[in-house]
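Comments concern the structure below.
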Protein chains: 2
Amino acid sequence: MARRRLDPATRREKILDAAVAYFAEVGFDGPTRDLAARAGVTQALLYRYFPSKQALVEAVFERVYLGRLDPRWLVEVRDRSLPIETRLSRFYGAYTRAIFTYEWMRIFMWAGLSGDALNRRYLEHVGDSLLAPLAEEIGAADGRRRPGPEDMWNLHGSIVYLGIRRFIYRLPTPDDVGPVIEGAIGRFLAGFRHGA
Amino acid sequence: MARRRLDPATRREKILDAAVAYFAEVGFDGPTRDLAARAGVTQALLYRYFPSKQALVEAVFERVYLGRLDPRWLVEVRDRSLPIETRLSRFYGAYTRAIFTYEWMRIFMWAGLSGDALNRRYLEHVGDSLLAPLAEEIGAADGRRRPGPEDMWNLHGSIVYLGIRRFIYRLPTPDDVGPVIEGAIGRFLAGFRHGA
DNA sequence: CCCCTTGGTGTTCATTTGATCAACAAGAAG
DNA sequence: CTTCTTGTTGATCAAATGAACACCAAGGGG
């Protein structure tokens, strides 16, 4: 086998990169031998950089989850000098740019099905720290009513489902998600104002 | 081991029932020994009723997918003597009663992630044979415009995501999904009429 | 009551898979 | 050029897993 020495830091990164792509594709039950082959490395070497497969999986989680959500998004959402439509569009534009990724979407779904606690914590965070402020801003813009949590999850789901169709089910979806998202937000706001 | 003889048909059904529940929970990589234990049967017996694990998995697919969608739903959707809101609510009421099940939702998602062809065919069917007629009826009721496919997927996703939150991510959701669905439909229609 | 069909079990096999370890060799240091 | 550190490999182990098979016994037919 071609034996090239890399310094531990970069080798670890290469393995992690391969692991993210590999687990995203086949799930966490994928054998470490196949993963090693993809990383261009022997299976034994994985265990020099990670004590166990579980540890490698957790490093993948960390790599994928950490630093995805930018706190500045919320600051901009609260900037009431802009119309609520614009703020929501910008927020979900940034949000989908962050998570509409083959790796993120699929690893999140594999982990969700497997019952990983990180998912629930992440989604509780979405509900409490993202959707709640959004609802508050929509309520403030409307002046009379404020969307409830289920209303907000409804909007959220209508947008996220586009990523699910694309990355989980691998179905054809529009290249540019911008207009679709703006349509969803526009309908949500208009529908919220006129009626339900 | 308690050895009770059942006629092949019922035994096969019992194994299939257990397999549906088991694979829904742990995914298709779950070992056949655990499945057999759940079915109250030896692992070897599985191979008397199914030639391979793959065959068992396919039998599970058949059991779960077949006969879920009722053609009568579409007939009722096209009954223009009723307001479009009512027709959509009834349709999605029936649809969610059919698929908002621990087993269906999770097996569908496991299969989707694994890239099973049945999923794509099912979703193409949803798009072509369910959402398209729905869009036509909404267009006819509106008189001027007709929602595009992405608009319809948007409505669909906003509703299905509720099931994803409940059964995939195991997050708390309202016991009665009726009002949530009606809210989503109401907002969609109102938003479609007034604006986007 | 006996027999005999066949549903069911216990055991075993070949692979696969996570993990370990002694040995090898790349490449910096002297 | 030699040496020594250590990144990397090939071989190997034990457990898990899909599958096969000889044998056992439940329970209907005579």
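In the text below, chain A, chain B and the rest are named by the order of the sequence lines, each starting its count at 1.
- A:Asp29 places its CG atom 15 Å from the P atom of D:dA16, with the value rounded to the nearest Å.
- Because its NZ or CZ atom is both nearer than 6.0 Å to the ring centre of A:Phe192 and within 45° of the ring axis, A:Arg145 counts as a cation-pi partner of that residue.
- A 6.0 Å sphere centred on CZ of B:Arg193 holds more than 12 heavy atoms belonging to other residues, nucleotides or ligands.
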Under 3.5 Å between N/O atoms: give me all the protein pairs with nucleotides 20-24 of chain C, atom names plus distance.
unit_1 : atom_1 : unit_2 : atom_2 : d
C:dC24 : O2     : A:Arg3 : NH1    : 2.7

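- A:Ser114 and A:Asp116 are not linked by any side-chain donor-acceptor pair at a separation below 3.5 angstrom, with hydrogens and angles left out of the test.
- Distance from the side chain of B:Tyr49 is smallest to C:dG7 among D:dT8, D:dA19, C:dG7.
- The CZ atom of B:Arg166 lies 11.0 Å from the CG atom of B:Leu171; values are rounded to the nearest 0.5 Å.
- Judged by a 6.0 Å distance limit and a 45° cone about the ring axis, B:Arg187 is not positioned over the six-membered ring of A:Phe188.
- Side chain of A:Asn154 to backbone of B:Ser158: a donor-acceptor contact under 3.5 angstrom is found.
- Distance, B:Leu6 CG to D:dG27 C1': 13 Å, rounded to whole Å.
- Residue A:Leu46 is classed as having no contact, given no heavy-atom separation below 4.0 Å to the nucleic acid.
- Residues forming a side chain to side chain contact (heavy atoms under 4.5 Å, CB included) with B:Ala94 (at least two apart in sequence, or on another chain): B:Trp73, B:Arg97.
- Contact check for A:Arg170 versus A:Tyr102: side-chain heavy atoms found under the 4.5 Å cut-off.
- Here B:Arg33 lies in heavy-atom contact (under 4.0 Å) with a base.
- The distance between atom CG of B:Leu35 and atom C1' of D:dT17, rounded to the nearest whole Å, is 13 Å.
- The base of D:dG7 lies outside donor-acceptor range of the side chain of A:Arg4, with no N or O pair under 3.5 Å.
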Identify the pairs formed between an N or O of the protein and an N or O of nucleotides 2-6 of chain C at a distance under 3.5 Å, and give each distance.
unit_1 : atom_1 : unit_2 : atom_2 : d
C:dT6  : O2     : B:Arg5 : NH1    : 3.1
C:dT6  : O2     : B:Arg5 : NH2    : 3.1

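- Residue A:Asp7 contributes atom CG, which lies 14 Å from atom C1' of D:dT8 at whole-angstrom precision.
- B:Thr32 has a side-chain polar atom (N or O) that falls below the 4.0 Å cut-off from OP1 or OP2 of D:dG18.
- What separates CG of B:Leu56 from P of D:dG18 is a distance of 11 Å, to the nearest Å.
- Judged by distance alone, with hydrogens and angles left aside, the side-chain atoms of A:Ser89 form a donor-acceptor pair with the main-chain N or O of A:Glu85 at under 3.5 Å.
- We find that CZ of A:Arg11 is positioned 14 Å from C1' of C:dG27, with the value rounded to whole Å.
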